[in-house]
Structures are given as structure tokens and as C-alpha cells.
Amino acid sequence: MRGLLRRVYLRLPPFPPATSLYYWSRTRPAAAGPNHPIPRRMSTSSTAAAVVAEGSAARRFWIAAASREAAFAAYTPFLVSLAAGALRLDSFRQYIAQDAYFLHAFARAYEMAEECADDDDDKATIVVLRKAILRELNLHASVLQEWGVDPNKEIPPIPATTKYTDFLLATSTGKVDGGKGSDKMVTPFEKTKIAAYTVGAMTPCMRLYAYLGKELAVFLKQDENHPYKKWIETYASSDFENNALQIEELLDKLSVSLTGEELEIIGKLYQQAMRLEVEFFSAQPVDQPAVAPLSRYCGPKDKLLIFCDFDLTCTVVDSSAILAEIAILSHQKASQGGADSSLDRTKSADLRNSWNMLSNQYMEEYEQCIASLLPPEEARSLDYDQLYKGLEVLSQFEKLANSRVVDSGVLRGMNLDDIRKAGERLILQDGCKNFFQKIGKTRENLNLDVHILSYCWCADLIRSAFSSVGCLDGLNIHSNEFAFEGSVSTGHINRQMESPLDKAEKFKSIKSDVGSTGTLLSVYVGDSVGDLLCLLEADIGIVVGSSTTLRRVGKQFGVSFVPLFTGLVEKQRRIEKEESSIFKARSGILYTVSSWSEVQAFILGNDFS
């Protein structure tokens, strides 16, 4: 029941329409809440982009791309190594040479966009932006010369570079969505449309580089002699941010007169350009050890164990409210049908009141329980033993809460098919589905196992949720099970995992049963106090969501919460200096992420890894 405390909207509202059997499986939090697609940790440039007027096309396109492609770019071996100041010179020289090809294509695309634009102000803006590109090319040359590298030495373009430049130049000539080129465009409006398409394909590059510049600038404060200081400062500068805003404003202006279908084309071009940027960074050769992606860090004989919570880690809503709602609606349906049945005929309103009373009692006593287990003073370092003792108190509380639910009879009378259908409609967190789908696609090439450890009352709901998105194969689900008579729930739970201690014991048991000739590396992804022991027992504990209770409890027992990207950059600085694994259990450090895209980028890499 622990999710009821943290999500007010899980308290059941007045009875929804009879057609809303799966009302709770469709409920989403507000867009501005913790699941908003703009990365919270990695968000400096995306915040600046908010200066662009609300409702702007450029802002919508960036929001759609930011939580996924931006993370995929940042977590590439190239950028993690660069941020750490550990990237080898040959790799950076190769990147600069490849980027020069792209910048030349960018300058040419600006020329063609200027020719197509029919507004003098738009033309003037494009001229300014093109001059900025030429200055960027001069910067590349000066950086190479400072390091004694001949900027004129020919380095051929790699396929990822050619793919991007071909796309950009094709777009700028009107070869979009089956178009045949600018020679077929005779009216000023058609030319303006191609200018909009071209700018739409260029804008994501500007915004992404401004975003990455701000992200990487943080690490300059930690190293005054950072070898890539000049490069980072260029993209973190207010001048570059202003250029990014200029092209976004230009895109908005050029988009005003376009139809919905034409705006959709720009959106697709924007997304394609972002994907090509990710592919470009992924393709940069990095001939050195790297902490990301983790699948690359692990050797061929190493075993990777991935553990994950379910409710509010994978899902948008907590499963307890969904199951309670199904039970209440099932009772109402049986009462209205008048059929002879073993179901308790309690009125649905009374049942709902009973559930709300249980919820209210749980929330009130949960707060009291958390307050009682906190030590009076904050520990200076991880005090695992005291934390374990404190969570023993919470474990007893969770078991008592489950006993109350069972004794109330609330969970009696549910049909297994209804539970499975609710699971099929369960909304997963942004990026979660993609993560598990990629595991399924790459499992044969990776030596890994995946385990779901969950308090959920009914594992059938979990199995159905993952099965509906094609992710069930290979998943090991450890949870509770409903007791059924035929296909109808009896109201009892086969209680196998109810508490933080149950999770921790299962976690240790699974690890001890794994045989591996190489290193065994474990990752746990969770969101709540109930996950805290497993998060700390794992070599890498990753926190999703924004639970203040988790942070309050963790910090009081000496746990540190560090943004994952920041933590990886620090690890990258040490990777070639340490012979043993740089990831260790019970380090007292947990890593925070803003989305599942960061989890995927770190563990599995992006779609081009």
C-alpha cells in the first residue's frame, strides 16, 4: 500500500461512470508534474528554451525530444569522456574533423534557406546565424593548431557524418516527404515552406549543443585545467544560447502560415535530426575504457543483474488503487446483475468507504512510522546497520497494513480477466517500455538477467502489463499472488514480498545463486523507501521519481544522492587508475535520474550503441 501515501490522486474519487472499469489504468499526473518530459536534472538549456513563447513549435519539438535523445547524446562514451577531461586527443581530433564536415553543410543549408525566405528580417537572421557557423569553423581550426595538429590534414567523413550532411542538404533542396527538389518550387509560399523545413532540420542541433554546453560547463568548475575548456565554454556561452534562441524564434515565425500537416513534417524532420545527432556522437571512436554504456563497461565473461521495482518506478500509478477499483466495480456489477453468486453483496458505496478508511489510516500511520525510525541526528556516512533496524519497523507496519486489507474483504470477487485487462492498459513511465523492449532485442548479445521485485498484491497484473508491450519474455517477476477460486479472487493474498526486508532478502538470494566466471555487477532501479536496502546493496542504485520521503530517510542515515550523469563523469576520471570495479555495493551513494531514457542510455546505450 506504500504508494497511497505519495500520490494524493490514488484516493478513490466519487464513483466513475460504469464504462470506466479501467479508469485508474488511464489516469495520468498533470503534465507539469514529475513525469513532464523535460529532463529535471539535465535541464539547463531546455529551461532557457522556455523563453521561446508558450505554444511555439520549436518549444514543442524540443520537449518531445529532450528526455530521450538529449540523454542518449550525453551518455555516449565520447561525451562522458570529454566531460571528465579524460578523452584522448586522437578521439577529439577525429570528432573536430567530422564536425567540420557538418558545419560546412550547415553553412550551405543556411545559404539555401536565405534564398528561399521571402522576408527581409528572416534573411537577416539567417545571415547572422551563418556567420556564427563560420566563426565556429575558425574555432575548430584554432583549437587544433593550439595542440600542434594540422587542421588541413584530410580525414574522410565517417558514415554517420555523411548520413547527417546528406539529410540536411536534401532537406534544404526541398527533398522532403517525397519532394523532388527546389527546381519544382515556383511560388514564394512554396519556397518559404522549404525554408521552414530547412530551419526545422537545423534547430535541434543548435538547441542540443546549447544544452550539452550548459551540462558540461559544470565540470569546468571542478578542473581549472580541463583540456576541453575552450570547446565547452563555446557552447555554454550566452552568445551560443542566443543563437539557439534566434533559430527557434525563426522556426516559429516561418511555421505560422503552415498547415497542420506541414507542421507535422517539420516535427518529423526535427526528430530525425535529433536521432542523427545521437548517431553522430555515438559513432565517434573512443579507444579507451568508458563507464557508459554499462553493457560496454562489462567484459564478455561478466554477468549483469538488473533489478527493478514496479509500482511508480515502472508505472505512472500505484497498482493497489487499480486493484481496489476493480474490486469495487466487480461488486457493483454482481449486485446489479442479480445472479446467484458467492460474491459479497456489500454495496459498492460501503466498500468504497471501507477502502478510503484503510487508505487514510495507512497514510496517517505511515508518516508516524517514518518519523519514529529516523535517528535524531544526520549520519555523516552510511549507517547501514541502523538503517536496517529502522526498516524492520517499517516492514512490520507494511505487513500489518496488508493484513487489514485482506481482513476487510475489499479484494474479494475480482475476475482474473479483468485484472489482466487492467494490466494491459496500465501506463508505464516514459522510456520504461523502450528500455525493456531493447533488453528483449539485445538479450542474446548481453550476459544479463532482469528481475522485478514488487510489493504488488497480484503478479498477474505485472505480467499482463509487460506482456502487453512485448516485454515479458526473460523477465523474472517476484511479487505476491492473489488466491483464486476458479477465476475469481477469494480476497486473500499469497504474501511473498511485503516489505523492504523481503525485497532485500530476495535480492541477496538471487545474487548468491548466480554463477559467473567473471565479475558480477548488479543494478537496482527504484523510487521509494521500500527500495532503499536494495538500492544500497546493489553495485549501482538508481533512483527514479522525486520521493521526498526516500531522500529524507536516506540522508538521515548517511546516504548521498548524486545525479547519475555527474556521478559517471567522476567515475570516468578514475576508471583507468583503478584495477577493480569502480562500482561497489554499500558505497552510500545513490544516483538520481529524471527519466527512464537516462537509465537506458547508461545501462544499454542508445539505439546506435
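Keep in mind that the numbers below use all heavy atoms, side chains included, and drop hydrogens, waters and symmetry copies.
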Q: Taking atom types as modelled and ignoring hydrogens, do the side chains of Asn480 and Gln496 form a donor-acceptor contact shorter than 3.5 angstrom?
A: no
Q: If you look at every heavy atom in Gly423 and Leu461, which pair is closest and at what distance?
A: N-CD1, 3.5 Å
Q: Could you check whether Glu598 and Ser594, counting side-chain N and O atoms only, form a donor-acceptor pair closer than 3.5 Å?
A: yes
Q: For Ala83, does its backbone N or O pair with a side-chain atom of His226 as donor and acceptor, under 3.5 Å?
A: yes
Q: Please output the side-chain donor-acceptor pairs of residues 373-386 that fall under 3.5 Å, not counting sequence neighbours, one pair per line with the distance.
A:
from, atom 1, to, atom 2, distance (Å)
Asp383, OD1, Gln386, N, 3.2
Tyr384, OH, Glu537, OE2, 2.5

Q: Cut-off 3.5 Å, side chains only: do Asp539 and Ser522 have a donor facing an acceptor?
A: yes
Q: Is the shortest heavy-atom distance from the side chain of Val80 to the side chain of Lys571 under 4.5 Å?
A: no
Q: Around atom NZ of Lys433, are there more than 12 heavy atoms of other residues, nucleotides or ligands at under 6.0 Å?
A: no
Q: With a sphere of 6.0 Å drawn around NZ of Lys555, does it hold more than 12 non-hydrogen atoms of other residues, nucleotides or ligands?
A: no
Q: Hey, is Arg573 close enough to Glu570 for a salt bridge, meaning N to O under 4.0 Å?
A: yes
Q: Inspect the surroundings of CG in Asp473 and state if more than 12 heavy atoms from other residues, nucleotides or ligands are less than 6.0 Å away.
A: no
Q: Does Glu481 have any side-chain hydrogen bond (donor to acceptor under 3.5 Å, both in side chains) partners at least two apart in sequence or in another chain, and if so, which?
A: Arg463
Q: If we only count heavy atoms from C-beta on, is the Leu323 to Cys458 side-chain gap below 4.5 Å?
A: yes
Q: Could you verify whether a donor N or O on one side chain and an acceptor N or O on the other, from Tyr362 and Glu398, lie under 3.5 Å apart?
A: yes
Q: Do Thr313 side-chain atoms and Phe310 backbone N/O form a donor-acceptor pair below 3.5 Å?
A: no
Q: For Val450, is there any backbone N or O sitting under 3.5 Å from a side-chain donor or acceptor partner on Asn476?
A: yes
Q: Taking only residues two or more places apart in sequence, or in another chain, which ones meet Phe436 in a ring-ring contact (aromatic ring centres under 6.0 Å, His included)?
A: Phe466, Trp596
Q: Can you confirm whether Leu604 sits close enough to Leu446 that some side-chain heavy atom of one is under 4.5 Å from a side-chain heavy atom of the other?
A: yes
Q: If the plane angle is over 60° it's perpendicular, under 30° parallel, otherwise tilted; pick one for Tyr524 and Phe307.
A: parallel
Q: Enter the distance from Ile540:CD1 to Ile603:CD1 here, rounded to the nearest 0.5 Å.
A: 7.5 Å
Q: Between Gln361 and Glu365, does any side-chain donor sit less than 3.5 Å from a side-chain acceptor?
A: yes
Q: I'd like to check the ring-ring contact (aromatic ring centres under 6.0 Å, His included) partners of Phe482; sequence neighbours left out, ordered by chain and number.
A: none
Q: Heavy-atom distance under 4.5 Å between the side chains of Leu212 and Phe281, does that happen here?
A: yes
Q: Within the 4.5 Å heavy-atom criterion, are Lys399 and Asp502 side-chain neighbours or not?
A: yes
Q: Using atom types as modelled and distance alone, determine if a side-chain donor or acceptor of Ser81 lies under 3.5 Å from a backbone N or O of Phe78.
A: no
Q: Name all residues meeting the ring-ring contact (aromatic ring centres under 6.0 Å, His included) criterion together with His478; count only those two or more places apart in sequence or in a different chain, and write none if there are none.
A: His451
Q: Side-chain donor-acceptor pair under 3.5 Å between Ser282 and Asn606, yes or no?
A: yes
Q: Taking the side chain as every heavy atom from C-beta outward, state whether Pro500 and Tyr455 have any atom pair closer than 4.5 Å.
A: yes
Q: If you measure from CD on Gln396 to SG on Cys369, what distance do you get to the nearest 0.5 Å?
A: 10.0 Å
Q: Taking the side chain as every heavy atom from C-beta outward, state whether Asp527 and Asp309 have any atom pair closer than 4.5 Å.
A: yes
Q: Would you say the side chain of Leu394 lies within less than 4.5 Å of the side chain of Tyr366, judging by non-hydrogen atoms?
A: yes
Q: Around Asp287, counting heavy atoms of other residues, nucleotides and ligands shown, do more than 12 lie under 6.0 Å from its CG?
A: no
Q: Applying ring pair (Phe, Tyr, Trp, His ring centres under 6.0 Å), run through Tyr297 and Phe583 and close with a yes or a no.
A: CA-CA 11 Å; Tyr297 172 78; Phe583 298 106; 5.6 Å; yes
Q: From Met497 CE over to Ser479 OG, what is the distance, rounded to the nearest 0.5 angstrom?
A: 7.0 Å
Q: Residues in side-chain hydrogen bond (donor to acceptor under 3.5 Å, both in side chains) with Arg551, at least two apart?
A: none
Q: Would you say the side-chain atoms of Ser91 pair up with the backbone N or O of Leu87, donor to acceptor, closer than 3.5 Å?
A: no
Q: Quick check: does any side chain N or O of Ser464 sit under 3.5 Å from a backbone N or O of Arg420, one acting as donor and the other as acceptor?
A: yes
Q: If you round to the nearest 0.5 Å, how far is OG of Ser319 from CD1 of Ile462?
A: 6.5 Å
Q: Could you tell me the separation between the OG1 atom of Thr549 and the CG atom of Leu532, rounded to the nearest 0.5 Å?
A: 11.5 Å
Q: Could you check whether Arg495 pairs with Glu498 (Lys NZ or Arg NE/NH1/NH2 to Asp/Glu carboxylate O, under 4.0 Å)?
A: yes
Q: In this structure, are over 12 heavy atoms from other groups packed under 6.0 Å from Lys511 atom NZ?
A: yes
